[in-house]
Amino acid sequence: MSMQGLVAEPARADDNARLPIGSVIDVAGSGSQIALDLRRLEECMGDADPSVSLSGQVGSQIKIRVGNSWLLASVRTQRHENGLDHCIIARVDFLGEGEEERLTGRIFAFRRGVTRYPIPGSLVYPATSGDLRQIYASDGRANVAIGTVFPSRDIRAGLYIDAFLGKHFALLGSTGTGKSTSAALILHRICESAPQGHVVMIDPHGEYGQAFRGIGQLLDVSNLQMPYWLMNFEEHCEIFLTTSGADRQIDADILGKCLLAARQRNRLAEHIGKITVDSPIPYLLSDLAQILSNEMGKLEKGTNSVPYMRIRSKLDEIKNDPRYQFMFSGMLVGDTMAEFISRVFRMPADGRPISIIDVSGVPSDIVSTVVAVLSRLVFDYAIWSRDEETRPVLLVCEEAHRYVPSEKNADGSSVGRILSRIAKEGRKYGVSLGLITQRPSDLAEGVLSQCGTIIAMRLNNDRDQAFVRAAMPEGARGFLDSIPALKNRECIICGEGVTIPLRVTFDELDAALRPASDDPSFSHLWSRSGGEEAAVERTVQRWRAQSR
């Protein structure tokens, strides 16, 4: 087989887009194989239109005429077969189809999916920047622009806000690919378009505070003031119980009984009537300690008092540890639940639609419990406010693999269960989940599969690449092959938030709006000296005081 005769005369530069570059040789459900004329590809390479100049190459788009419409496809692979002069065999994935404008030949009314397939022998043409502009143009839904579509220089890439947030999203990328800055860019764009929004971000490293200083409420251990009594029974067990196995069940029964008695001492409990151990009713830590002592005093001789002693000693340890004061302070016993929820969920937003919760200063043994409480409050608020006008809340988790780990790393913590539940049921109640991680293979598989939009930046690890490939729809497979070759600030976006899968170069974000996630420069910082002694003294002071 030869491609000679496909094009009758040499192409002029301005004819590149109008002349075919190959033909269909094999058709399957989601994709097909095409034969490309190598000489035509070389002619197209010199074209001024960047989309035409890349046509036929891996990751580029081509179009196939089917009746009066155009079928758009993405080139996944190329290979050269012996005996086929000037011919390349390429595998393509179908992306969608659009109608042809009679006079201009342009594509319009583009839609995802395929209703009519081409037949072998159908001609293949380059997709021009004009075609891509029509395809990627907004269909009128609310959207935010976050970058430019590859390979064009001026076609804007947008995310449809309702579909992007309504069905959850995941932002994946290896360390150093610009993941934090890209997350900040997307959240800034969302906040700009929705100044009365409700966004809660869990920030484990204290990176995002400086990025949202102007438009966000910044909360950390110094001003979070999260009341301990907001925890449910499971979260109390995580903090107060130190045993495992059969002993843990004994301790849990004792804690549950004493905790319920402590909650029932509050006057609120009298008005409400029947309360449970999970009810967010304020109680005094001193009441809990007293009830434990009373119960222990009732024990008959020969009954073991060790479980009571264990819980009591843990309770005293937490009350006296200054690191836990942001949550277990005696000042937090007042009924401040409504104020706390209003402040954290930004209701009303007051021009600051995002709250950044910096948990870097939280003691490591209770970080996951603090995140669990915040996540559960978002979900429970959504459930109990169903009779009110819906106020959707976006919960963004940085380092998500810490909180919803895969089965092999699962530790049975409450945070994994509540985030998994939000992923499965959140959209029914107006709770959206955004997961940011550099290790998607360490993330719970069921949670990633619930994310309607996946934004994949460069992933260097083979396991991570395979994991993302399994989570992405079939039509995006050709794009996925380019994930290891993406530059910094480049990504592949596929799913509900975009019309079709696309490769995007993110916009440059102003330095003042970027998170504090830059890596230190060893060559620069190790080349100068001075002030180390004073710095060490100050650090030791903070270290001993356990505060910043």
Side-chain angles (χ1 to χ4, degrees), residues 1-47 49-102 104-108 110-132 134-135 151 474-475 477-479 481 500-501:
M1 172 185 168
S2 170
M3 294 293 290
Q4 287 179 351
L6 181 67
V7 184
E9 59 184 59
R12 302 191 314 271
D14 58 338
D15 279 341
N16 281 329
R18 293 194 302 106
L19 295 172
I21 56 172
S23 63
V24 176
I25 56 175
D26 168 44
V27 179
S30 62
S32 69
Q33 289 192 68
I34 59 175
L36 296 169
D37 185 342
L38 193 54
R39 288 173 299 194
R40 281 289 295 120
L41 295 188
E42 289 169 355
E43 288 168 1
C44 288
M45 281 180 191
D47 201 277
D49 184 331
S51 301
V52 174
S53 68
L54 285 175
S55 61
Q57 297 181 31
V58 172
S60 68
Q61 281 80 49
I62 50 97
K63 59 186 183 184
I64 304 164
R65 183 181 291 284
V66 183
N68 293 325
S69 59
W70 287 105
L71 185 61
L72 191 79
S74 170
V75 179
R76 189 199 292 195
T77 61
Q78 286 182 341
R79 73 174 191 273
H80 183 267
E81 291 198 355
N82 293 331
L84 298 179
D85 295 336
H86 306 293
C87 178
I88 290 175
I89 306 298
R91 183 171 292 279
V92 298
D93 296 313
F94 297 138
L95 298 174
E97 59 191 3
E99 304 301 321
E100 182 186 22
E101 211 170 56
R102 282 276 178 90
T104 62
R106 284 183 175 177
I107 297 174
F108 73 99
F110 183 83
R111 57 197 173 273
R112 192 185 293 189
V114 182
T115 51
R116 293 178 64 190
Y117 287 93
I119 56 172
S122 299
L123 296 180
V124 173
Y125 295 84
T128 66
S129 288
D131 294 331
L132 298 183
Q134 289 292 320
I135 290 161
E474 183 69 30
R477 296 291 166 86
F479 288 87
D481 293 335
I500 56 170

Problem set entry | Pair Glu42 + Arg39, salt bridge at N-O below 4.0 Å | no
Seminar exercise, completed: side chain to side chain contact (heavy atoms under 4.5 Å, CB included) filter on Ala90, not counting sequence neighbours, yields Ile34, Leu36, Val75, Gln78
Problem set entry | Side-chain heavy-atom pair Phe94, Ile64 within 4.5 angstrom cut-off | yes
Exercise. Considering only heavy atoms from C-beta outward, does the side chain of Leu71 approach that of Lys63 to under 4.5 Å?
Worked result: no
Exercise. So do Arg79 and Ile88 actually touch side chain to side chain, heavy atoms under 4.5 Å?
Worked result: no
Exercise. Side chains of Val66 and Glu97: closer than 4.5 Å at any heavy-atom pair?
Worked result: no
Exercise. Taking the side chain as C-beta and beyond, is there a heavy-atom pair between Val92 and Gln33 under 4.5 Å?
Worked result: no
For this session: Indicate the atoms forming the closest heavy-atom contact of Ser122 with Ile119, along with that distance.
Result: OG-O, 2.7 Å
Problem set entry | Pairwise side-chain contact, Cys44 with Ser53, heavy-atom cut-off 4.5 Å (strictly under) | no
Seminar exercise, completed: Hits for salt bridge (Lys or Arg N to Asp or Glu O under 4.0 Å) against Glu99, two or more places apart or cross-chain, chain-then-number order -> Arg111
For this session: Only counting residues at least two apart or in another chain, list the ones meeting side chain to side chain donor-acceptor pair (under 3.5 Å) with Ser129.
Result: Asp49, Ser51
Seminar exercise, completed: Sequence neighbours excluded, the answer for side chain to side chain contact (heavy atoms under 4.5 Å, CB included) partners of Arg65 is Trp70, Glu100
Problem set entry | Pairwise side-chain contact, Thr128 with Val52, heavy-atom cut-off 4.5 Å (strictly under) | yes
